[in-house]
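Reading through the structure tokens given below for one structure.
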Amino acid sequence: MADDRLSHAMERTGQWVLSQQIPTDVVVAVGTARFSLHKFTLIAKSNLLRTLILESEELSDPTTIDLSEIPGGSEIFERAAKFCYGVNFEITVNNVAALRCAAEYLQMTDGTLGGRTEDFLSKVALTSLSAAVTVLKTCEDLLPIAEDLKIVQRCVEVVSAKACVEANFPSRTPANWWTEEMTVLGVPFFKRIITTMKTRGAKGQTLASAIITYTERSLRELVRHQVGSAAAVSSDSGNNSAIRDRQREILEAIVSILPPEKSVFHINFLCCLLRTAIFLRAELKCKSELEKRISAILEDVTVEDLLLLSYSYDGEKLFDLGSVRRILSAFVEKEKSVSVFNAGDFSEVCSAAMQKMAKIVDAYLGEIAIYEELGISRFKELAKLVPETARKVDDDLYRAIDIYLKAHPDLDEIEREKVCAAMDPLKLSYEARVHASQNKRLPVQIVLHALYYDQLQLRSGGGGDYEKPNAASTRFQAQADTDLVKENEKLRTELLKMKMYVQEIQESKNQGTTSSKAAKKPTFFSSMSKTLGKLNPFRIGSKDTLQIDDAASDVRKPRRRRFSIS
């Protein structure tokens with residue numbers, strides 16, 4: 001292929017060099033390409049070539065000059081050589097930057113090639129946004145000489161200025177056409193344009209429009225390269241590593257230039273950026289900035305947005321719950337600060353945004369509860385992030401707990417109690433309490449709470465709905481009665497064992513001499529049992545219904561129906 005390229009370059013050169021009818025006397029090598037030219041023609045136009053030719057005449061014959069480092073390579077040198085021979089060629093926005101750099105390199109600046117390229121830059125290339133972007137794109141392969149010649153800076157100034165004008169006064173449709181133009185640029189140049197637009201006072205919405213378009217074009221395609229392939233995601237070698245490094249560079253640069261206004265970006269866009277940052281293992285500063293921005297507008301979040309942060313790319317397992325926890329914590333702290341600033345009591349009244357967030361979190365818990373790797377502590381931690389006052393009823397949280405218990409059937413009684421500790425059984429609706437009373441997955445204590453609350457409502461003649469003012473006393477009484485039931489059962493068991501032991505002793509002794517003592521002891525235990533039995537809150541005729549008629553207190557138990565809210 002190198003030989004083909006060499007012969008092709010020689011053939012092209014011959015079309016305008018051999019016509020001079022003078023034998024060539026110098027060979028210029030540019031990479032693998034070779035150009036047979038005339039010394040006197042080159043010396044007259046290029047100070048660099050004059051110096052190199054004079055030095056090489058003493059060293060070799062025929063004279064050979066190596067110009068492999070010329071900006072733009074062999075194609076640009078060919079045009080520079082044509083200029084030396086007076087052959088016409090076209091200067092365009094695609095080659096003007098390279099020709100200007102080559103002219104500087106060849107020292108062809110005094111009214112020659114350098115002058116022609118400068119005129120084209122000023123009068124043509126830097127007069128429109130599209131042309132300036134094209135020139136700037138070509139400068140990516142011409143650094144650092146394009147930077148030294150101020151070509152890059154001039155292009156950045158033109159693009160940023162015209163972009164600000166287009167954002168306020170669109171000259172064509174669609175109105176954001178200029179954002180599409182900038183997507184061809186590499187991230188360093190794009191970052192410089194956005195920074196310059198900020199100094200010019202561009203609005204946050206204008207900057208956000210350009211950033212979103214650029215991200216969708218430059219980052220989304222790179223991420224898509226990894227999606228769906230577990231091997232590609234886990235591999236750190238070869239092209240995959242290079243692609244991830246480029247992704248990380250683009251992402252961190254984009255996050256560093258986000259405008260300070262928090263509301264200019266949709267929360268779904270920020271969640272996508274954070275998900276990518278987690279996957280690419282971006283710097284902590286980058287992830288923290290995205291988490292802070294998401295928490296600032298979290299009232300606009302959806303369950304799908306939170307799930308976006310939670311699932312791995314293959315959708316097989318949970319991805320990262322730490323970010324979700326930090327985002328929710330920051331949002332709650334912000335709401336607390338707002339409440340204190342407004343002279344409110346956050347422990348009693350929560351904002352509408354916090355109540356909306358409680359519903360989203362409960363629905364989110366219901367979605368991730370099916371995953372085996374979700375531990376009890378992590379589940380409870382997420383549930384407890386939402387203040388109790390933010391939930392008027394705990395039906396949605398109960399649904400999430402029920403799903404968790406279904407997905408984790410091997411939990412023992414104590415572990416199930418830990419899961420249910422995130423919920424207040426007295427804040428369930430009537431339908432949810434009926435479902436809970438028949439739910440075999442729930443621990444006994446939760447079922448007793450639900451049943452006892454309904455029993456109190458029936459005895460007092462109240463409705464089935466939860467009333468907030470009585471919640472604390474009712475909860476305390478239900479817990480006390482539950483503990484008392486357990487203590488009664490233990491004491492009954494001990495008394496029964498003691499009674500059987502006494503009976504065995506009685507049988508081993510004389511029936512006549514111990515008859516009076518034997519008669520007294522059973523009487524003592526039976527009276528004790530009756531006394532303790534009166535403490536049972538579920539027995540008909542207990543302390544709070546002692547004065548009610550038997551007929552009046554005959555409250556029928558409702559038919560067993562299963563109400564499923566899961």
Side-chain angles (χ1 to χ4, degrees), residues 129-130 132-133 136 155-224 247-280 282-283 285-302 304-306 308-309 323 327 330-331 334 353:
L129 186 146
S130 298
V133 168
L136 188 58
C155 290
V156 169
E157 291 290 342
V158 170
V159 173
S160 60
K162 293 187 176 298
C164 290
V165 173
E166 284 293 330
N168 295 322
F169 309 100
S171 62
R172 53 172 148 151
T173 56
N176 66 337
W177 66 270
W178 57 274
T179 64
E180 297 284 348
E181 296 285 332
M182 291 193 292
T183 58
V184 301
L185 298 173
V187 67
F189 287 166
F190 176 75
K191 182 178 178 180
R192 288 180 62 171
I193 291 174
I194 296 298
T195 303
T196 306
M197 291 177 68
K198 285 182 180 180
T199 62
R200 290 179 174 274
K203 297 178 181 178
Q205 192 63 50
T206 300
L207 300 175
S209 178
I211 291 172
I212 291 173
T213 304
Y214 185 85
T215 304
E216 290 177 347
R217 289 297 183 88
S218 62
L219 188 60
R220 181 178 294 176
E221 294 300 323
L222 293 173
V223 173
R224 191 174 299 171
Q247 290 173 342
R248 189 182 304 111
E249 177 187 357
I250 293 174
L251 174 68
E252 292 176 352
I254 288 173
V255 174
S256 68
I257 59 176
L258 295 180
E261 297 88 347
K262 301 295 190 300
S263 60
V264 295
F265 292 104
H266 191 276
I267 193 169
N268 182 261
F269 173 75
L270 296 175
C271 287
C272 288
L273 286 183
L274 179 55
R275 172 186 173 89
T276 306
I278 296 169
F279 169 67
L280 296 177
E283 293 183 357
K285 179 181 178 181
C286 174
K287 292 188 287 187
S288 298
E289 175 64 21
L290 290 172
E291 290 173 358
K292 182 173 68 174
R293 287 177 173 272
I294 293 173
S295 65
I297 56 173
L298 197 62
E299 57 267 21
D300 299 326
V301 78
T302 64
E304 289 73 19
D305 294 330
L306 294 180
L308 184 67
L309 299 175
S323 290
I327 291 170
F331 178 77
K334 183 195 74 170

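Counting all heavy atoms, side chain and backbone alike, Ala296 lies closest to Lys262 at CB-CG, 4.2 Å. Nearest heavy-atom pair across Pro260 and Arg293 is CA-NH2, 4.0 Å. Taking both residues in full, the closest heavy atoms of Gly204 and Val264 are given as C-CG1, 3.8 Å, listed atom of the first, atom of the second, then distance. Contact between Val159 and Ala132 at its shortest, heavy atoms only, is CG2-CB, 3.7 Å. When every heavy atom of Ala277 is checked against every heavy atom of Leu251, the shortest pair comes out as CA-CD2, 3.3 Å. When all heavy atoms are compared, the tightest approach of Thr179 to Ala210 is CG2-CA, 3.7 Å.
The distance from atom CD1 of Ile267 to atom CD1 of Ile327, rounded to the nearest 0.5 Å, is 7.5 Å. Summarising the geometry, atom CG belonging to Asn268 is positioned 7.0 Å from atom OG1 belonging to Thr302; distances are rounded to the nearest 0.5 Å. The distance from atom SG of Cys164 to atom CZ of Phe169, rounded to the nearest 0.5 Å, is 11.5 Å. Considering CD of Gln247 and OG of Ser218, their distance stands at 10.5 Å, rounded to 0.5 Å. With rounding to the nearest 0.5 angstrom, the CG atom of Leu207 is 7.5 Å from the CD atom of Glu261. Rounded to the nearest 0.5 Å, atoms CD (Gln205) and OG (Ser263) are 8.0 Å apart.
In this structure the side chain of Ile193 reaches within 4.5 angstrom of the side chain of Leu136, judged on heavy atoms. Residues Pro259 and Ile211 form a side-chain contact, since some pair of their non-hydrogen atoms from C-beta on lies under 4.5 Å apart. Leu129 is listed as a side-chain neighbour of Val133, based on a closest heavy-atom distance under 4.5 Å. Using a 4.5 Å cut-off on side-chain heavy atoms (C-beta onward), Phe269 and Thr215 make contact. No side-chain heavy atom of Val301 sits less than 4.5 Å from a side-chain heavy atom of Ile294. Using a 4.5 Å heavy-atom cutoff, the side chains of Phe331 and Glu299 are in contact. Taking the side chain as every heavy atom from C-beta outward, Pro170 and Trp178 never approach each other to under 4.5 Å.
Judged by distance alone, the side chain of Tyr214 and the main-chain N or O of Ile254 form no donor-acceptor pair under 3.5 Å. Looking only at distances, a side-chain donor or acceptor of Thr196 sits under 3.5 Å from a matching main-chain atom of Arg192. Remark: side-chain polar atoms of Ser295 are paired, donor with acceptor, to backbone N or O of Lys292 under 3.5 angstrom. Judged by distance alone, the side chain of Lys287 and the main-chain N or O of Ile278 form no donor-acceptor pair under 3.5 Å.
Counting only residues at least two apart or in different chains, salt bridge (charged side-chain N to carboxylate O under 4.0 Å, His left out) contacts with residues 157-180 comprise Glu157-Arg200, Glu180-Arg217.
Summarising the local packing, NZ of Lys203 is surrounded by 12 or fewer heavy atoms from other residues, nucleotides or ligands at distances under 6.0 Å.
The side-chain contact (heavy atoms from CB on, under 4.5 Å) test with Met197 singles out one residue from Thr206, Val156, Ile257, and that residue is Thr206.
Remark: Lys285 does not engage Glu289 in a salt bridge, criterion side-chain N to carboxylate O under 4.0 Å.
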